Amino acid sequence: KKKRMTNEQIKGLYGELLFIKNTCDEKKMKLIDLIEGWQKSGNKHNDFIFKNEEYEIKTTEQTKDISVNISSEFQLHSFNRSKVFMCVKQIKKHKKGLTLDQLISKVKSLFAKDSLALIKFTKKMLAYGYISSENTKKVQFHEIKTDLYEIDHTFPKLTLDHIPRQTHDLKYKINLK
């Protein structure tokens with residue numbers, strides 16, 4: 001029996017789906033490339049890995065003194081030397097917002113003309129462990145704001161290039177404000 005998604009998992013998936021929806025709305029890339037770049041089925045270090053750019057999506061309900069959790073020295077690092085960005089989605093519970101299930105339906109509707117992208121999206125959702133439940137049907141969120149940070153040499157981070165080789169299994173927080 002599969003377990004229900006935690007509130008943190010729901011928020012994380014919500015932010016990633018907002019990224020997909022916003023990227024589609026802005027027509028920045030082909031749907032199939034967007035879905036193939038989404039790393040839901042593997043344990044990759046960043047959420048979206050494209051040819052020349054990688055994105056780590058962080059979703060928070062914090063509105064001031066925002067800090068984000070970094071789960072390893074591999075997050076915010078690019079093995080193929082692409083530009084890396086961290087996209088921070090601020091959301092809040094709001095009765096006029098969308099539930100996770102509603103957002104999934106909206107994202108699926110973007111794939112109306114691309115059945116291959118829809119199939120790949122559905123497979124990734126299953127691989128992630130998404131199961132519709134009371135939590136995914138009732139809690140409504142509204143997107144407040146998105147901030148995009150380029151992870152360059154000035155950004156505070158602990159990645160493979162910036163730590164002693166013997167150091168591993170890092171988990172840390174970055175204060176963004």
Side-chain angles (χ1 to χ4, degrees), residues 2-63 66 68-69 71 75-76 78 80 82-151:
K2 289 208 173 195
K3 290 199 280 206
R4 262 183 10 179
M5 292 174 67
T6 67
N7 287 338
E8 285 306 305
Q9 288 172 318
I10 289 171
K11 281 193 288 192
L13 182 55
Y14 198 96
E16 290 174 26
L17 293 172
L18 283 175
F19 179 84
I20 291 171
K21 183 184 170 305
N22 297 346
T23 304
C24 286
D25 289 348
E26 295 164 17
K27 298 188 177 15
K28 285 189 177 169
M29 66 176 63
K30 290 181 190 167
L31 283 174
I32 194 70
D33 295 337
L34 182 57
I35 295 307
E36 285 179 347
W38 189 30
Q39 300 302 313
K40 262 302 145 238
S41 50
N43 276 335
K44 294 286 191 221
H45 46 289
N46 292 317
D47 295 317
F48 291 87
I49 299 177
F50 305 119
K51 197 164 139 188
N52 299 315
E53 296 178 338
E54 298 185 23
Y55 292 84
E56 177 60 30
I57 313 303
K58 297 294 181 185
T59 311
T60 183
E61 288 184 82
Q62 302 168 35
T63 52
I66 295 172
V68 293
N69 294 316
S71 62
Q75 249 184 8
L76 308 182
S78 173
N80 57 9
S82 296
K83 274 189 172 177
V84 179
F85 297 90
M86 181 171 62
C87 178
V88 179
K89 299 268 183 199
Q90 285 179 284
I91 61 173
K92 70 175 182 178
K93 289 185 178 126
H94 194 282
K95 62 179 183 270
K96 289 194 173 154
L98 295 174
T99 66
L100 179 60
D101 286 8
Q102 289 168 330
L103 182 57
I104 289 167
S105 293
K106 269 198 185 294
V107 169
K108 281 182 171 180
S109 72
L110 298 170
F111 305 144
K113 294 182 178 80
D114 192 336
S115 56
L116 182 59
L118 179 60
I119 289 166
K120 287 186 179 233
F121 173 79
T122 304
K123 280 185 175 177
K124 287 190 179 201
M125 292 294 289
L126 289 170
Y128 182 68
Y130 164 76
I131 298 173
S132 182
S133 68
E134 194 175 322
N135 282 8
T136 63
K137 286 184 174 95
K138 286 211 165 119
V139 182
Q140 296 168 282
F141 291 108
H142 175 70
E143 184 177 6
I144 301 169
K145 173 180 180 192
T146 297
D147 289 312
L148 192 64
Y149 299 87
E150 184 173 351
I151 309 304

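Just so it is clear, the values below take in all heavy atoms, side chains as well, and ignore hydrogens, waters and symmetry mates. Just so it is clear, the model here is predicted, and its values are computed rather than measured.
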Q: Atom CD1 of Ile66 and atom NZ of Lys145: how far apart are they, to the nearest 0.5 Å?
A: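 Between Ile66 CD1 and Lys145 NZ, I get 6.5 Å after rounding to 0.5 Å.
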
Q: Do the side chain of Glu53 and the main chain of Ser82 share a donor and acceptor less than 3.5 angstrom apart?
A: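 Not a single qualifying donor-acceptor pair exists.
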
Q: Once you measure the plane-to-plane angle for Tyr55 and Phe19, does it fall in the parallel (<30°), tilted (30-60°) or perpendicular (>60°) bin?
A: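 If you compare the ring of Tyr55 with that of Phe19, the planes turn out tilted.
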
Q: Start with the C-alpha distance between Lys113 and Leu31, add both sets of side-chain angles, then the distance that settles side chain to side chain contact (heavy atoms under 4.5 Å, CB included), and finish with yes or no.
A: CA-CA 10 Å; Lys113 294 182 178 80; Leu31 283 174; over 6 Å; no

Q: In the structure I gave you, are the side-chain heavy atoms of Leu103 and Phe141 within less than 4.5 Å of one another anywhere?
A: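 No, side chains not in contact.
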
Q: Short question: side chain of Asn46, backbone of Glu54 - any donor-acceptor pair under 3.5 Å?
A: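 Pair absent, no side-chain N/O of Asn46 close to backbone of Glu54.
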
Q: What heavy-atom pair brings Gly12 and Thr59 nearest, and what distance separates the two atoms?
A: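 So the minimum-distance heavy-atom pair works out to O-OG1, 4.0 Å.
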
Q: Could you go through the side-chain hydrogen bond (donor to acceptor under 3.5 Å, both in side chains) check for Asn135 and Ser133 one step at a time?
A: CA-CA 5 Å; Asn135 282 8; Ser133 68; 5.1 Å; no

Q: Give me the one residue out of Lys89, Lys21, Lys93, Lys11 that meets salt bridge (charged side-chain N to carboxylate O under 4.0 Å, His left out) with Glu143.
A: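 So the option named by the test is Lys89.
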
Q: Would you mind reporting whether Lys120 and Ile32 have side-chain heavy atoms less than 4.5 Å apart?
A: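 Side chain of Ile32 against side chain of Lys120, heavy atoms only: contact under 4.5 Å found.
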
Q: If you measure from CE on Met125 to CD1 on Ile104, what distance do you get to the nearest 0.5 Å?
A: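 Going from CE on Met125 over to CD1 on Ile104, the span is 3.5 Å.
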
Q: If I take atom CG from residue Leu17 and atom CD from residue Gln102, how far apart are they, to the nearest 0.5 angstrom?
A: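 These two atoms lie 13.0 Å from each other.
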
Q: Less than 3.5 Å apart, any donor N or O on the side chain of Thr99 or Asp101 sitting next to an acceptor on the other?
A: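 On atom types as modelled, these side chains do not qualify, holding no pair under 3.5 Å.
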
Q: Is there side-chain contact between Gln75 and Lys58, with at least one heavy-atom pair below 4.5 Å?
A: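 Contact flag for Gln75/Lys58 side chains = yes.
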
Q: With side chain to side chain contact (heavy atoms under 4.5 Å, CB included) as the test, would you mind laying out the steps for Ile35 and Leu116 before giving the verdict?
A: CA-CA 10 Å; Ile35 295 307; Leu116 182 59; over 6 Å; no

Q: Can you check side chain to side chain contact (heavy atoms under 4.5 Å, CB included) on Thr23 and Phe48, steps first, answer last?
A: CA-CA 12 Å; Thr23 304; Phe48 291 87; over 6 Å; no

Q: Please give me the minimum heavy-atom distance between Ser132 and Lys137, naming the atom from each residue.
A: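 Taking every non-hydrogen atom into account, OG-NZ, 3.0 Å.
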
Q: Indicate, with yes or no, if the rings of Phe121 and Trp38 have centres closer together than 6.0 Å.
A: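 Yes, the ring of Phe121 comes within the 6.0 Å limit of the ring of Trp38, centre to centre.
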
Q: Side chain of Gln9, backbone of Met5: donor and acceptor closer than 3.5 Å?
A: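 The answer is no, because no donor-acceptor pair under 3.5 Å joins these two groups.
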
Q: Name the residue from Lys95, His94, Lys92, Lys96 that meets the side-chain contact (heavy atoms from CB on, under 4.5 Å) definition with Gln140.
A: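 Testing Gln140 for a side-chain contact (heavy atoms from CB on, under 4.5 Å) against Lys95, His94, Lys92, Lys96 leaves exactly one candidate, Lys95.
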
Q: Please step through side chain to side chain contact (heavy atoms under 4.5 Å, CB included) for the pair Asp25 and Leu110, ending with a clear verdict.
A: CA-CA 9 Å; Asp25 289 348; Leu110 298 170; 4.1 Å; yes

Q: Taking side chain as C-beta onward, heavy atoms only, is Lys51 less than 4.5 Å from Asn80?
A: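 Lys51 vs Asn80: side chains apart.
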
Q: Is there side-chain contact between Leu13 and Leu100, with heavy atoms separated by less than 4.5 Å?
A: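 In contact.
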
Q: Counting only N and O atoms by type, is there a donor-acceptor contact under 3.5 Å from the side chain of Gln39 to the main-chain atoms of Gly37?
A: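 Such a contact is found between Gln39 side chain and Gly37 backbone.
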
Q: How long is the gap from CG on Asp47 to CZ on Phe85, to the nearest 0.5 Å?
A: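 Spacing of CG (Asp47) from CZ (Phe85) equals 15.0 Å.
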
Q: What I'd like to find out is whether the side chain of Tyr149 reaches to under 4.5 Å of the side chain of Val88, using heavy atoms alone.
A: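 Contact flag for Tyr149/Val88 side chains = yes.
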
Q: May I ask you to test the Ile91-Leu18 pair for a side-chain heavy-atom distance under 4.5 Å?
A: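 In contact.
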
Q: For His45 and Ile49, work out which heavy atoms get closest and say how close.
A: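 His45 and Ile49 have their closest heavy atoms at CE1-CD1, 4.0 Å.
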
